[in-house]
Undergrad: 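Handing you this structure, nothing more for now.
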2 protein chains.
Amino acid sequence: MNLTEEKILQAAEEIFLKQGYDGSRMQAIADLAGINKAMLHYYFRSKDQLFERIFKEKYGGFFPTIEGLISSQINFIDKICTFAEKYTLFLIENPYLPLFVINNINKNPDFAKNLPLNLPKTLVMSYMEDAEKGLCRLMNPAQLFMSIFGMCIFPFIGKPMIQKVTGENDEDFKELMKMRSNEIKEHIRLILKP
Amino acid sequence: MNLTEEKILQAAEEIFLKQGYDGSRMQAIADLAGINKAMLHYYFRSKDQLFERIFKEKYGGFFPTIEGLISSQINFIDKICTFAEKYTLFLIENPYLPLFVINNINKNPDFAKNLPLNLPKTLVMSYMEDAEKGLCRLMNPAQLFMSIFGMCIFPFIGKPMIQKVTGENDEDFKELMKMRSNEIKEHIRLILKP
DNA sequence: AATAGATTTAACCAAATGGTTAATATGGTG
DNA sequence: CACCATATTAACCATTTGGTTAAATCTATT
């Protein structure tokens, strides 16, 4: 992979993630990459193709696959708590990802077709097993996972609002997020305790 | 308020809410309203002003004010549960609102300045009072409210993904949402039980 | 009916934007 | 060096888009 191509991808990622497809300008990407606009088309033909390249690379990470964890044989509560922790740490490093992915799937629901569903499906199965054994409270798994993903994702899509309510600056917010995973784990345990 | 003006506002609301500012075309709004594009500028001068009109009208509803409820003297757990129920019902009727508001506040954080903060602030105070009395578990209120709002909002911003995972159609999804408020109330009670 | 003011329309405009092209530079290879 | 493919650039193009204008139509008041 050549240097120009990489500079373009890096710039495109930054612009597309923050501005979305409609809000992004090819010229802005070129400027950020420090190259001529024609290079974008030389390497990626069109805005659509450049965007799709970034999107496909990024949205797979929406349900980050933590292979070893989800297929391991530990009990569901520990498994989902570990997942929530790793997911939160992942989102701290990729704070723009949730809104980016959500927006593009809402705009073009066809993209959802390619979503890697193994993670949520494996988790649901893992939950059902333990719930039937009486190891966790029984409920509709969709309801459970909406709550869990909501707790994990909301801070990152609602950051400006949260900061407005709490009056925190970015440093405070990062601190709040560091403590977030412990709090989520606690909430999950309370919800699932039989 | 004259008829043309109302038709414009109705069309603008539909387009802006679903497509966002950048994705919306003045021509599309005019077409939907069934009038000439020049009328948009005649009544609202510019796209920005038309958008701001819609946004200000809509985003106040992100924290729907339920005056009687938040200032009532019932215990916090019942109060927040009732709030979650009413909020969910409100979102079922306004499913595009969360993503719309979130996107525009993320794009232009200055808008957060005008957010009506009385609702969250009153709720936090109400929580602190009861927590100190030992009526609910003590924790960082920001963490609590991120979980609650996350549980309420996530289904509406993640709808296409949820449907992909569960394989549900729109009818099924609406049914799932009807049961959502009971589930959230249960989760909140479990999280807050002292 | 005549006048005046508000409303509506078709045609137009300038800027922005995604995309193309033709010419030029660059770097490796015989 | 001469050659050739690749990489890069400036200038250009067609379309889209927000916005304007001048003329036409409607509405009420005298």
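Quick caveat: nothing in here was measured; it's all calculated off a predicted structure.
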Undergrad: Once you round it to whole Å, what is the distance between P of D:dA10 and NE2 of A:H41?
TA: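 From A:H41 NE2 to D:dA10 P: 16 Å.
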Undergrad: For B:D78 and B:N75, does a side-chain donor sit closer than 3.5 Å to a side-chain acceptor?
TA: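 A donor-acceptor contact under 3.5 Å links the two side chains.
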Undergrad: Determine yes or no for a side-chain-to-main-chain donor-acceptor pair under 3.5 angstrom, with B:D130 supplying the side chain and B:Y127 the backbone.
TA: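 Not at all, since once roles are kept as given, no pair shorter than 3.5 Å links the two residues.
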Undergrad: Closer than 4.0 Å, any side-chain N/O of B:S46 to the OP1 or OP2 of D:dG18?
TA: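 Looking at the OP1 and OP2 atoms of D:dG18, neither is under 4.0 Å from any side-chain N or O of B:S46.
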Undergrad: Is any side-chain heavy atom of B:M151 less than 4.5 Å from a side-chain heavy atom of B:I188?
TA: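 The answer is yes; the side chains approach within 4.5 Å.
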Undergrad: Taking A:F100 as the fixed residue, which of A:F16, A:Y59, A:F55 is the one that meets the ring pair (Phe, Tyr, Trp, His ring centres under 6.0 Å) rule?
TA: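 That would be A:F55.
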Undergrad: Considering only side-chain heavy atoms of B:R25, which listed nucleotide, C:dG18, C:dT7, D:dG18, is closest?
TA: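 Selected nucleotide: D:dG18.
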Undergrad: Rounded to whole Å, please give me the gap between CG in B:N2 and P in D:dC26.
TA: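 It works out to 16 Å between those atoms.
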Undergrad: Between D:dT8 and A:T4, is there an OP1 or OP2 to side-chain N/O distance shorter than 4.0 Å?
TA: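 Affirmative; the distance criterion is met.
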Undergrad: From CE of A:M26 over to P of D:dT16, roughly how many Å is that when rounded to an integer?
TA: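 Rounded to whole Å, this separation is 17 Å.
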Undergrad: Starting from C1' on C:dT17, measure out to CG on B:D22 and report it in whole angstrom.
TA: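 The answer, rounded to whole Å, is 13 Å.
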Undergrad: Where along residues 28-35 of chain A does a heavy atom fall under 4.0 Å from DNA chain C?
TA: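 Residues of residues 28-35 of chain A under 4.0 Å from DNA chain C: none.
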Undergrad: Assign A:Y43 to base, sugar-phosphate, or nothing according to its heavy-atom contacts below 4.0 angstrom with the strands shown.
TA: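 Sugar-phosphate: the residue A:Y43, judged by heavy atoms under 4.0 Å, touches backbone atoms but no base.
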Undergrad: Taking atom C1' of C:dG18 as reference, at what distance in whole Å does atom CD of A:E52 sit?
TA: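 After rounding, the gap between these two atoms is 17 Å.
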Undergrad: Nearest-Å distance, CG (A:N36) to P (D:dA11)?
TA: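 Rounded to whole Å, this separation is 11 Å.
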Undergrad: Is it the case that atom CZ in A:R45 sees more than 12 heavy atoms from other parts of the structure closer than 6.0 Å?
TA: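 Counting other residues, nucleotides and ligands, CZ of A:R45 stays at 12 neighbours or fewer.
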Undergrad: Rounded off to whole Å, could you give me the CD1-to-P distance for the B:I15 and D:dT17 pair?
TA: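 After rounding, the reported distance stands at 12 Å.
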Undergrad: Hey, which sits more toward the 5' end of DNA chain C by its nearest nucleotide, A:S24 or A:A38?
TA: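 Between the two, 5'-proximity favours A:S24.
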Undergrad: Write down the distance between NZ (B:K37) and P (D:dT16), rounded to a whole number of angstrom.
TA: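 Between P of D:dT16 and NZ of B:K37: 13 Å.
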Undergrad: Return yes if some donor-acceptor pair links the side-chain N/O of B:N108 with the main-chain N/O of B:N104 below 3.5 Å, else return no.
TA: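 Looks like no, no N/O pair under 3.5 Å.
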Undergrad: Applying the ring pair (Phe, Tyr, Trp, His ring centres under 6.0 Å) test to B:F149, which of B:F154, B:F63, B:F62, B:F156 qualifies?
TA: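 Between B:F149 and the candidates, ring pair (Phe, Tyr, Trp, His ring centres under 6.0 Å) is satisfied uniquely by B:F63.
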Undergrad: Select base, sugar-phosphate, or nothing to describe what A:M39 touches, counting heavy atoms under 4.0 Å on all strands.
TA: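 Since a base atom lies under 4.0 Å of A:M39, the category is base.
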